[in-house]
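Each remark here refers to the structure printed beneath this line.
Index from 1, following the sequence. All values reported here derive from a predicted model rather than from experimental measurement.
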Amino acid sequence: MTWAHAYLLAAVLIAVPTAAALWSRPRTAPRAVFYLAVTVNETPFAWLAVLAAGAALTRPGGLALAAAALVAAGLLELTRRGATAKRAVTAALAPVPVHVRWSYVRIVLAPLLRRCRTVEHVSGIAYGPAPEHRLDLYRSKDTEDAPVLVHFFGGGYNSGRRDTQSLPLLYRLAEAGWVCVSADYRLRPNFSFEDHLVDAKRLVAWVRAHGRDWGADPDRVVLAGSSAGAHLAASAAFTAGDRSRQPGFEDADTSVSAVVGFGGYYGTYYGRGEQTSPLGLASPQAPPCLIVHGDRDTIVPVADARRFVAGLRDAAVPVVYVELPGGQHAFDLCHSLRFDAVIGAVAAFCEAPPPRR
(Lines give C-alpha, C1' and ligand atoms only; values in the text may rest on other atoms or scores of the structure.)
Protein backbone atom coordinates (compact mmCIF):
# COMPACT_ATOMS: atom_id res chain seq x y z
CA MET A 1 0.00 0.00 0.00
CA THR A 2 1.34 3.42 -0.96
CA TRP A 3 1.23 6.46 1.30
CA ALA A 4 -1.43 7.95 -0.95
CA HIS A 5 -3.59 4.86 -0.51
CA ALA A 6 -3.04 4.96 3.24
CA TYR A 7 -4.16 8.60 3.31
CA LEU A 8 -7.28 7.76 1.32
CA LEU A 9 -8.08 4.97 3.78
CA ALA A 10 -7.58 7.34 6.71
CA ALA A 11 -9.94 9.87 5.12
CA VAL A 12 -12.58 7.18 4.68
CA LEU A 13 -12.19 6.05 8.29
CA ILE A 14 -12.69 9.62 9.52
CA ALA A 15 -15.62 10.03 7.15
CA VAL A 16 -17.63 7.28 8.86
CA PRO A 17 -17.96 8.90 12.32
CA THR A 18 -18.28 12.33 10.70
CA ALA A 19 -21.28 11.12 8.71
CA ALA A 20 -22.74 9.56 11.86
CA ALA A 21 -22.46 12.88 13.69
CA LEU A 22 -23.92 14.87 10.81
CA TRP A 23 -26.96 12.75 10.06
CA SER A 24 -27.85 10.94 13.28
CA ARG A 25 -31.43 11.39 14.43
CA PRO A 26 -32.95 10.70 17.88
CA ARG A 27 -34.82 7.41 18.26
CA THR A 28 -34.03 6.24 14.72
CA ALA A 29 -30.29 5.71 15.13
CA PRO A 30 -28.83 2.49 16.57
CA ARG A 31 -26.53 2.79 19.59
CA ALA A 32 -23.52 2.19 17.34
CA VAL A 33 -24.18 5.58 15.74
CA PHE A 34 -23.64 7.25 19.11
CA TYR A 35 -20.29 5.53 19.63
CA LEU A 36 -19.18 6.64 16.18
CA ALA A 37 -20.50 10.20 16.43
CA VAL A 38 -19.10 10.92 19.88
CA THR A 39 -15.55 10.42 18.59
CA VAL A 40 -15.73 13.51 16.34
CA ASN A 41 -18.71 15.64 17.36
CA GLU A 42 -16.85 17.61 20.03
CA THR A 43 -13.37 17.34 18.48
CA PRO A 44 -13.63 18.30 14.79
CA PHE A 45 -10.55 20.53 15.01
CA ALA A 46 -8.38 17.58 16.00
CA TRP A 47 -9.54 15.54 13.01
CA LEU A 48 -9.09 18.48 10.67
CA ALA A 49 -5.52 18.68 11.94
CA VAL A 50 -5.02 14.97 11.21
CA LEU A 51 -6.24 15.43 7.64
CA ALA A 52 -4.04 18.48 7.08
CA ALA A 53 -0.94 16.85 8.55
CA GLY A 54 -1.52 13.69 6.56
CA ALA A 55 -1.83 15.64 3.33
CA ALA A 56 1.38 17.54 4.03
CA LEU A 57 3.31 14.35 4.77
CA THR A 58 1.95 12.04 2.07
CA ARG A 59 1.20 14.42 -0.84
CA PRO A 60 -1.78 12.32 -1.96
CA GLY A 61 -3.28 12.29 -5.43
CA GLY A 62 -6.50 13.84 -6.68
CA LEU A 63 -8.90 11.15 -5.46
CA ALA A 64 -7.51 11.12 -1.93
CA LEU A 65 -7.49 14.91 -1.78
CA ALA A 66 -11.08 15.08 -3.02
CA ALA A 67 -12.17 12.58 -0.35
CA ALA A 68 -10.29 14.51 2.33
CA ALA A 69 -11.86 17.79 1.20
CA LEU A 70 -15.32 16.26 1.48
CA VAL A 71 -14.59 14.97 4.97
CA ALA A 72 -13.14 18.35 5.94
CA ALA A 73 -16.35 20.04 4.82
CA GLY A 74 -18.30 17.76 7.13
CA LEU A 75 -15.94 18.50 10.03
CA LEU A 76 -16.30 22.23 9.40
CA GLU A 77 -20.07 21.84 9.58
CA LEU A 78 -19.69 20.10 12.95
CA THR A 79 -17.51 23.04 14.04
CA ARG A 80 -20.20 25.51 12.95
CA ARG A 81 -22.84 23.61 14.91
CA GLY A 82 -20.64 23.57 18.00
CA ALA A 83 -20.14 27.33 17.79
CA THR A 84 -23.93 27.91 17.82
CA ALA A 85 -23.96 26.79 21.45
CA LYS A 86 -22.88 30.29 22.45
CA ARG A 87 -26.01 31.76 20.91
CA ALA A 88 -28.17 29.02 22.44
CA VAL A 89 -26.96 29.56 26.00
CA THR A 90 -27.10 33.34 25.69
CA ALA A 91 -30.71 33.24 24.49
CA ALA A 92 -31.80 30.72 27.13
CA LEU A 93 -30.38 32.68 30.08
CA ALA A 94 -31.29 36.20 28.89
CA PRO A 95 -31.31 38.76 30.39
CA VAL A 96 -28.60 37.22 32.61
CA PRO A 97 -25.25 37.79 30.83
CA VAL A 98 -23.28 34.66 29.95
CA HIS A 99 -19.50 34.86 29.75
CA VAL A 100 -18.29 32.22 27.30
CA ARG A 101 -14.57 31.58 27.57
CA TRP A 102 -13.41 29.48 24.65
CA SER A 103 -10.02 27.95 25.49
CA TYR A 104 -8.87 27.69 21.89
CA VAL A 105 -5.52 26.08 22.73
CA ARG A 106 -7.24 23.27 24.56
CA ILE A 107 -10.15 22.98 22.13
CA VAL A 108 -7.86 22.76 19.10
CA LEU A 109 -4.72 21.09 20.44
CA ALA A 110 -5.62 19.28 23.66
CA PRO A 111 -9.39 18.79 24.09
CA LEU A 112 -8.85 15.92 26.53
CA LEU A 113 -6.34 17.80 28.68
CA ARG A 114 -7.51 17.60 32.29
CA ARG A 115 -4.99 19.22 34.58
CA CYS A 116 -4.76 22.85 35.60
CA ARG A 117 -1.71 24.05 37.54
CA THR A 118 -3.72 26.42 39.73
CA VAL A 119 -6.22 23.74 40.83
CA GLU A 120 -5.57 21.27 43.64
CA HIS A 121 -7.01 17.79 43.01
CA VAL A 122 -7.51 15.60 46.07
CA SER A 123 -8.57 12.05 45.24
CA GLY A 124 -10.27 9.25 47.15
CA ILE A 125 -11.80 11.06 50.13
CA ALA A 126 -14.32 8.86 51.97
CA TYR A 127 -17.80 10.30 52.43
CA GLY A 128 -19.47 7.14 53.77
CA PRO A 129 -18.85 3.57 54.97
CA ALA A 130 -19.07 1.68 51.65
CA PRO A 131 -16.01 1.12 49.41
CA GLU A 132 -17.84 3.07 46.68
CA HIS A 133 -18.27 6.09 48.92
CA ARG A 134 -15.28 7.99 47.56
CA LEU A 135 -15.01 11.49 46.12
CA ASP A 136 -12.49 13.65 44.31
CA LEU A 137 -12.26 17.30 45.28
CA TYR A 138 -11.06 20.19 43.11
CA ARG A 139 -10.25 23.66 44.44
CA SER A 140 -7.88 26.57 44.26
CA LYS A 141 -5.53 26.42 47.21
CA ASP A 142 -6.53 29.81 48.63
CA THR A 143 -10.29 29.15 48.36
CA GLU A 144 -12.54 30.36 51.20
CA ASP A 145 -16.33 30.39 51.53
CA ALA A 146 -16.65 29.07 48.00
CA PRO A 147 -19.81 27.73 46.40
CA VAL A 148 -19.80 23.97 45.80
CA LEU A 149 -20.66 21.99 42.69
CA VAL A 150 -21.18 18.23 43.13
CA HIS A 151 -21.17 16.13 39.95
CA PHE A 152 -22.57 12.60 39.44
CA PHE A 153 -21.37 10.61 36.44
CA GLY A 154 -23.67 8.85 33.99
CA GLY A 155 -23.73 5.26 32.83
CA GLY A 156 -27.30 4.07 33.29
CA TYR A 157 -26.58 3.32 36.96
CA ASN A 158 -24.64 0.32 35.65
CA SER A 159 -21.18 1.71 35.04
CA GLY A 160 -18.99 4.78 35.27
CA ARG A 161 -16.59 6.42 37.67
CA ARG A 162 -15.99 9.78 39.22
CA ASP A 163 -12.98 10.95 37.16
CA THR A 164 -14.36 10.64 33.64
CA GLN A 165 -17.13 13.18 32.94
CA SER A 166 -17.53 16.97 33.02
CA LEU A 167 -13.90 17.43 34.05
CA PRO A 168 -13.54 20.67 32.03
CA LEU A 169 -16.43 22.07 34.10
CA LEU A 170 -14.91 20.96 37.41
CA TYR A 171 -11.50 22.41 36.65
CA ARG A 172 -12.88 25.65 35.18
CA LEU A 173 -15.14 26.35 38.17
CA ALA A 174 -12.40 25.37 40.64
CA GLU A 175 -10.05 27.77 38.84
CA ALA A 176 -12.72 30.47 39.26
CA GLY A 177 -12.93 29.92 43.02
CA TRP A 178 -15.44 27.11 43.45
CA VAL A 179 -14.99 23.86 45.33
CA CYS A 180 -15.98 21.01 43.01
CA VAL A 181 -16.70 17.41 43.93
CA SER A 182 -17.04 14.34 41.73
CA ALA A 183 -18.18 11.19 43.52
CA ASP A 184 -18.63 7.48 43.01
CA TYR A 185 -21.85 5.82 44.15
CA ARG A 186 -23.12 2.24 44.38
CA LEU A 187 -24.26 0.74 41.07
CA ARG A 188 -26.54 -1.91 39.65
CA PRO A 189 -27.14 -4.84 39.72
CA ASN A 190 -26.22 -5.17 43.40
CA PHE A 191 -27.86 -1.88 44.33
CA SER A 192 -31.04 -0.10 43.29
CA PHE A 193 -32.63 3.34 43.13
CA GLU A 194 -33.02 3.74 46.88
CA ASP A 195 -29.32 2.96 47.40
CA HIS A 196 -28.18 5.42 44.73
CA LEU A 197 -30.38 8.10 46.29
CA VAL A 198 -29.06 7.45 49.79
CA ASP A 199 -25.51 7.77 48.48
CA ALA A 200 -26.25 11.11 46.80
CA LYS A 201 -27.89 12.50 49.91
CA ARG A 202 -25.09 11.17 52.10
CA LEU A 203 -22.66 13.06 49.90
CA VAL A 204 -24.61 16.30 50.34
CA ALA A 205 -24.63 15.72 54.09
CA TRP A 206 -20.83 15.23 53.97
CA VAL A 207 -20.37 18.51 52.10
CA ARG A 208 -22.49 20.34 54.64
CA ALA A 209 -20.60 18.77 57.56
CA HIS A 210 -17.04 19.00 56.20
CA GLY A 211 -17.13 21.57 53.40
CA ARG A 212 -15.65 24.38 55.48
CA ASP A 213 -12.56 22.23 56.09
CA TRP A 214 -11.90 22.55 52.35
CA GLY A 215 -12.77 26.24 51.97
CA ALA A 216 -16.38 25.65 50.90
CA ASP A 217 -19.59 27.40 51.86
CA PRO A 218 -21.92 24.47 52.67
CA ASP A 219 -24.97 26.68 52.30
CA ARG A 220 -24.33 27.05 48.55
CA VAL A 221 -24.37 23.56 47.02
CA VAL A 222 -25.29 22.82 43.39
CA LEU A 223 -25.96 19.23 42.29
CA ALA A 224 -25.03 18.39 38.70
CA GLY A 225 -24.99 15.21 36.69
CA SER A 226 -24.65 13.68 33.25
CA SER A 227 -27.22 11.26 31.80
CA ALA A 228 -28.21 8.96 34.71
CA GLY A 229 -26.21 11.28 36.96
CA ALA A 230 -28.65 14.06 36.10
CA HIS A 231 -31.50 11.75 37.16
CA LEU A 232 -29.71 11.16 40.46
CA ALA A 233 -28.89 14.84 41.04
CA ALA A 234 -32.50 15.91 40.47
CA SER A 235 -33.92 13.06 42.56
CA ALA A 236 -31.64 13.92 45.49
CA ALA A 237 -32.41 17.64 45.25
CA PHE A 238 -36.16 17.04 45.07
CA THR A 239 -36.16 14.85 48.21
CA ALA A 240 -34.13 17.16 50.45
CA GLY A 241 -34.95 16.64 54.10
CA ASP A 242 -36.95 13.44 53.50
CA ARG A 243 -35.99 11.50 56.62
CA SER A 244 -37.21 8.19 55.20
CA ARG A 245 -34.60 8.44 52.44
CA GLN A 246 -31.72 9.27 54.80
CA PRO A 247 -31.26 6.16 56.96
CA GLY A 248 -28.67 6.73 59.64
CA PHE A 249 -28.44 10.47 59.00
CA GLU A 250 -32.10 11.45 59.22
CA ASP A 251 -31.43 14.86 60.77
CA ALA A 252 -28.83 15.95 58.20
CA ASP A 253 -29.59 18.96 56.05
CA THR A 254 -29.54 17.70 52.46
CA SER A 255 -31.04 20.76 50.78
CA VAL A 256 -29.23 22.29 47.80
CA SER A 257 -29.34 25.57 45.93
CA ALA A 258 -29.76 24.36 42.34
CA VAL A 259 -29.66 21.40 39.93
CA VAL A 260 -27.81 21.13 36.61
CA GLY A 261 -28.44 18.28 34.15
CA PHE A 262 -26.39 17.41 31.04
CA GLY A 263 -28.03 15.07 28.54
CA GLY A 264 -30.12 13.72 31.38
CA TYR A 265 -32.47 10.79 31.59
CA TYR A 266 -35.45 11.83 33.72
CA GLY A 267 -37.88 8.92 33.42
CA THR A 268 -38.69 6.11 35.81
CA TYR A 269 -35.99 3.83 37.15
CA TYR A 270 -36.02 0.65 35.04
CA GLY A 271 -39.78 0.61 34.65
CA ARG A 272 -40.64 1.20 38.30
CA GLY A 273 -43.21 3.77 39.52
CA GLU A 274 -43.26 7.53 39.13
CA GLN A 275 -41.68 7.97 42.57
CA THR A 276 -38.43 6.78 40.99
CA SER A 277 -38.47 9.62 38.45
CA PRO A 278 -37.41 13.20 39.23
CA LEU A 279 -40.70 14.51 37.87
CA GLY A 280 -42.63 12.25 40.22
CA LEU A 281 -40.64 13.76 43.11
CA ALA A 282 -40.85 17.41 42.02
CA SER A 283 -42.75 20.04 43.98
CA PRO A 284 -42.92 23.85 44.06
CA GLN A 285 -40.28 23.74 46.81
CA ALA A 286 -37.71 22.17 44.48
CA PRO A 287 -34.59 24.23 43.74
CA PRO A 288 -34.07 25.94 40.37
CA CYS A 289 -32.91 23.70 37.51
CA LEU A 290 -30.70 24.19 34.48
CA ILE A 291 -31.40 21.48 31.90
CA VAL A 292 -29.01 21.19 28.94
CA HIS A 293 -29.65 18.73 26.12
CA GLY A 294 -28.43 18.13 22.58
CA ASP A 295 -30.98 18.07 19.79
CA ARG A 296 -29.13 15.13 18.15
CA ASP A 297 -28.96 12.98 21.30
CA THR A 298 -29.46 9.35 20.19
CA ILE A 299 -29.31 7.85 23.70
CA VAL A 300 -31.85 10.09 25.48
CA PRO A 301 -33.91 11.82 22.76
CA VAL A 302 -34.40 15.55 23.10
CA ALA A 303 -38.18 15.08 23.22
CA ASP A 304 -37.76 13.44 26.64
CA ALA A 305 -35.89 16.49 27.96
CA ARG A 306 -38.56 18.81 26.60
CA ARG A 307 -41.28 16.81 28.39
CA PHE A 308 -39.31 16.96 31.63
CA VAL A 309 -38.88 20.72 31.38
CA ALA A 310 -42.59 21.17 30.64
CA GLY A 311 -43.43 19.00 33.66
CA LEU A 312 -41.16 21.04 35.91
CA ARG A 313 -42.83 24.24 34.78
CA ASP A 314 -46.25 22.73 35.43
CA ALA A 315 -45.02 21.88 38.94
CA ALA A 316 -43.91 25.52 39.43
CA VAL A 317 -40.22 24.60 39.57
CA PRO A 318 -37.98 27.41 38.22
CA VAL A 319 -36.17 26.03 35.19
CA VAL A 320 -33.88 27.21 32.39
CA TYR A 321 -33.68 24.98 29.34
CA VAL A 322 -30.78 25.06 26.86
CA GLU A 323 -31.09 23.00 23.68
CA LEU A 324 -27.78 22.55 21.89
CA PRO A 325 -27.88 22.48 18.06
CA GLY A 326 -26.01 19.40 16.85
CA GLY A 327 -25.38 18.19 20.40
CA GLN A 328 -25.03 14.44 20.93
CA HIS A 329 -25.12 12.51 24.19
CA ALA A 330 -21.96 12.88 26.33
CA PHE A 331 -21.12 16.35 25.04
CA ASP A 332 -19.40 17.04 28.37
CA LEU A 333 -16.40 14.72 27.96
CA CYS A 334 -13.86 17.26 26.75
CA HIS A 335 -13.13 20.88 25.98
CA SER A 336 -15.09 21.95 22.90
CA LEU A 337 -16.84 24.99 21.50
CA ARG A 338 -20.10 23.47 22.70
CA PHE A 339 -19.16 22.43 26.24
CA ASP A 340 -17.11 25.53 26.98
CA ALA A 341 -20.22 27.56 26.14
CA VAL A 342 -22.24 25.34 28.47
CA ILE A 343 -19.70 25.95 31.25
CA GLY A 344 -20.37 29.68 30.87
CA ALA A 345 -24.09 28.98 31.13
CA VAL A 346 -23.62 26.98 34.35
CA ALA A 347 -21.63 29.80 35.95
CA ALA A 348 -24.22 32.41 34.94
CA PHE A 349 -27.14 30.26 36.08
CA CYS A 350 -25.60 29.60 39.49
CA GLU A 351 -24.88 33.28 39.99
CA ALA A 352 -28.44 34.32 39.06
CA PRO A 353 -30.93 31.39 39.13
CA PRO A 354 -34.43 32.11 37.83
CA PRO A 355 -36.95 33.43 40.37
CA ARG A 356 -40.01 31.52 41.46
CA ARG A 357 -43.27 32.43 39.85
TODO: Keeping the roles fixed (side chain from Thr43, backbone from Thr39), state whether a donor-acceptor pair exists under 3.5 Å.
DONE: yes
- [ ] Give a yes or no on whether the backbone of Val322 and the side-chain of His293 come within a donor-acceptor separation of less than 3.5 Å.
- [x] no
Task: More than 12 heavy atoms from other groups under 6.0 Å of CD on Glu144 - done: no
- [ ] Give a yes/no verdict on a cation-pi contact between Lys201 and Trp206, requiring under 6.0 Å between NZ or CZ and the six-membered ring centre and an angle within 45° of the axis.
- [x] no
TODO: Indicate yes or no: at least one non-hydrogen side-chain atom of Arg313 is less than 4.5 angstrom from one of Tyr321.
DONE: yes
- [ ] Please test Arg220 against Leu149 for side-chain contact (heavy atoms from CB on, under 4.5 Å), starting from the C-alpha separation and ending with a verdict.
- [x] CA-CA 9 Å; Arg220 291 188 290 164; Leu149 182 132; over 6 Å; no
Task: Close side-chain approach of Leu137 and His121, heavy atoms under 4.5 Å - done: no
TODO: Step through the shown structure and confirm whether more than 12 heavy atoms of other residues, nucleotides or ligands are within 6.0 Å of CD on Glu351.
DONE: no
Task: Salt-bridge present (Glu42, Arg338; N to O < 4.0 Å) - done: yes
- [ ] Could you check if a side-chain atom of His329 sits within less than 4.5 angstrom of a side-chain atom of Phe262, using non-hydrogen atoms only?
- [x] no
Open item on the list: Tell me whether Arg59 at atom CZ has more than 12 heavy atoms from other residues, nucleotides or ligands lying less than 6.0 Å away.
Closed with: no
- [ ] Provide the closest heavy-atom pair for Leu312 versus Ala282 in the form atom of the first, atom of the second, distance.
- [x] CD2-CB, 4.1 Å
Task: From CA spacing to verdict: side-chain contact (heavy atoms from CB on, under 4.5 Å), Ser140, Trp178 - done: CA-CA 8 Å; Ser140 296; Trp178 288 62; over 6 Å; no
Task: Transitive ILVMFWY cluster of Val40, excluding itself - 4.5 Å side-chain cut-off - done: Tyr7, Ile14, Leu22, Trp23, Trp47, Leu48, Val50, Leu51, Val71, Leu75, Leu76, Leu78
Task: Short N-O contact, Glu132 and Arg162, less than 4.0 angstrom - done: no
- [ ] Show your working on side chain to side chain donor-acceptor pair (under 3.5 Å) between Ser226 and His151 and close with a plain yes or no.
- [x] CA-CA 8 Å; Ser226 307; His151 182 268; 2.9 Å; yes
Task: Salt bridge present between Asp340 and Lys86 (N-O < 4.0 angstrom) - done: no
TODO: Please tell me if the side chains of Ile291 and Tyr266 come closer than 4.5 Å, counting only heavy atoms from C-beta onward.
DONE: yes
Open item on the list: With side chain to side chain donor-acceptor pair (under 3.5 Å) as the criterion, how do Glu274 and Thr268 come out once you've worked through the C-alpha distance, each side chain's angles and the decisive distance to 0.1 Å?
Closed with: CA-CA 6 Å; Glu274 281 299 315; Thr268 60; 5.6 Å; no
Task: Exercise: identify the closest heavy-atom pair between Gly156 and Ala228 - done: N-CB, 3.6 Å
Task: Heavy-atom donor-acceptor pair, Ser336 side chain to Phe339 backbone, under 3.5 Å - done: yes
TODO: Answer whether the closest heavy-atom distance between the side chains of Ile125 and Val181 falls below 4.5 Å.
DONE: no
Task: Salt bridge Arg134-Asp184, side-chain N to carboxylate O under 4.0 Å - done: no
TODO: Ignoring hydrogens and angles, state whether a donor on the side chain of His210 or Tyr127 is under 3.5 Å from an acceptor on the partner side chain.
DONE: no
- [ ] Could you tell me which non-hydrogen atom of Val317 sits nearest to which non-hydrogen atom of Ala286, and how far apart they are?
- [x] CG2-CB, 3.9 Å
Task: Asp136 side-chain N/O to Gly124 backbone N/O, donor-acceptor pair under 3.5 Å - done: yes
Task: Any donor-acceptor N/O pair, Arg81 side chain to Leu324 backbone, under 3.5 Å - done: no
- [ ] For atom CZ of Arg87, decide whether the heavy atoms of other residues, nucleotides or ligands shown that lie under 6.0 angstrom number more than 12.
- [x] no
TODO: Would you mind reporting whether Ser182 and Phe152 have side-chain heavy atoms less than 4.5 Å apart?
DONE: no
Open item on the list: Between Asp297 and Val302 (side chain of the first, backbone of the second, donor and acceptor by atom type, cut-off under 3.5 Å), is there such a pair?
Closed with: no
- [ ] Compute whether any side-chain donor of one residue and acceptor of the other, for Arg208 and Ser255, lie under 3.5 angstrom apart.
- [x] yes
- [ ] Identify the two heavy atoms, one from Ala236 and one from Ala200, that lie closest to each other, and give their separation to 0.1 Å.
- [x] CB-CB, 3.8 Å
Task: Which residues share a salt bridge (charged side-chain N to carboxylate O under 4.0 Å, His left out) with Asp199, sequence neighbours left out - done: Arg186
Task: For the student: nearest non-hydrogen atoms of Phe249 and Val198, plus distance - done: CZ-O, 3.8 Å
- [ ] Could you walk me through whether Phe238 and Cys289 pass side-chain contact (heavy atoms from CB on, under 4.5 Å), step by step?
- [x] CA-CA 11 Å; Phe238 295 172; Cys289 297; 3.7 Å; yes
TODO: Give a yes or no answer on whether the side chain of Ser227 reaches the backbone of Gly154 with a donor-acceptor pair at less than 3.5 Å.
DONE: no
Task: Closest approach of Pro44 to Thr79 (non-hydrogen atoms, all atoms of both residues) - done: CG-OG1, 3.3 Å
Task: Backbone of Arg139 reached by a side-chain donor or acceptor of Thr143 within 3.5 Å - done: no
Task: Ring centroid separation Tyr157 to Phe191 under 6.0 Å - done: no
Task: 4.5 Å side-chain heavy-atom contact, Ser277 and Phe308 - done: no
- [ ] Check whether any side-chain N or O of Asp332 sits under 3.5 Å from a backbone N or O of Gln165 as a donor-acceptor pair, and report yes or no.
- [x] no
Task: Audit row: Val38, Leu36, side-chain contact (heavy atoms from CB on, under 4.5 Å) steps and yes/no - done: CA-CA 6 Å; Val38 77; Leu36 287 170; over 6 Å; no
TODO: Using the ring pair (Phe, Tyr, Trp, His ring centres under 6.0 Å) rule, take Phe153 and Tyr185 through it: C-alpha gap first, then chi angles, then the decisive distance, then the call.
DONE: CA-CA 9 Å; Phe153 58 81; Tyr185 53 92; 4.5 Å; yes
Task: Trp102 side chain reached by Leu337 side chain, heavy atoms, under 4.5 Å - done: yes
Task: Sidechain-backbone polar pair: Arg202 side chain, Gly128 backbone, donor-acceptor under 3.5 Å - done: no
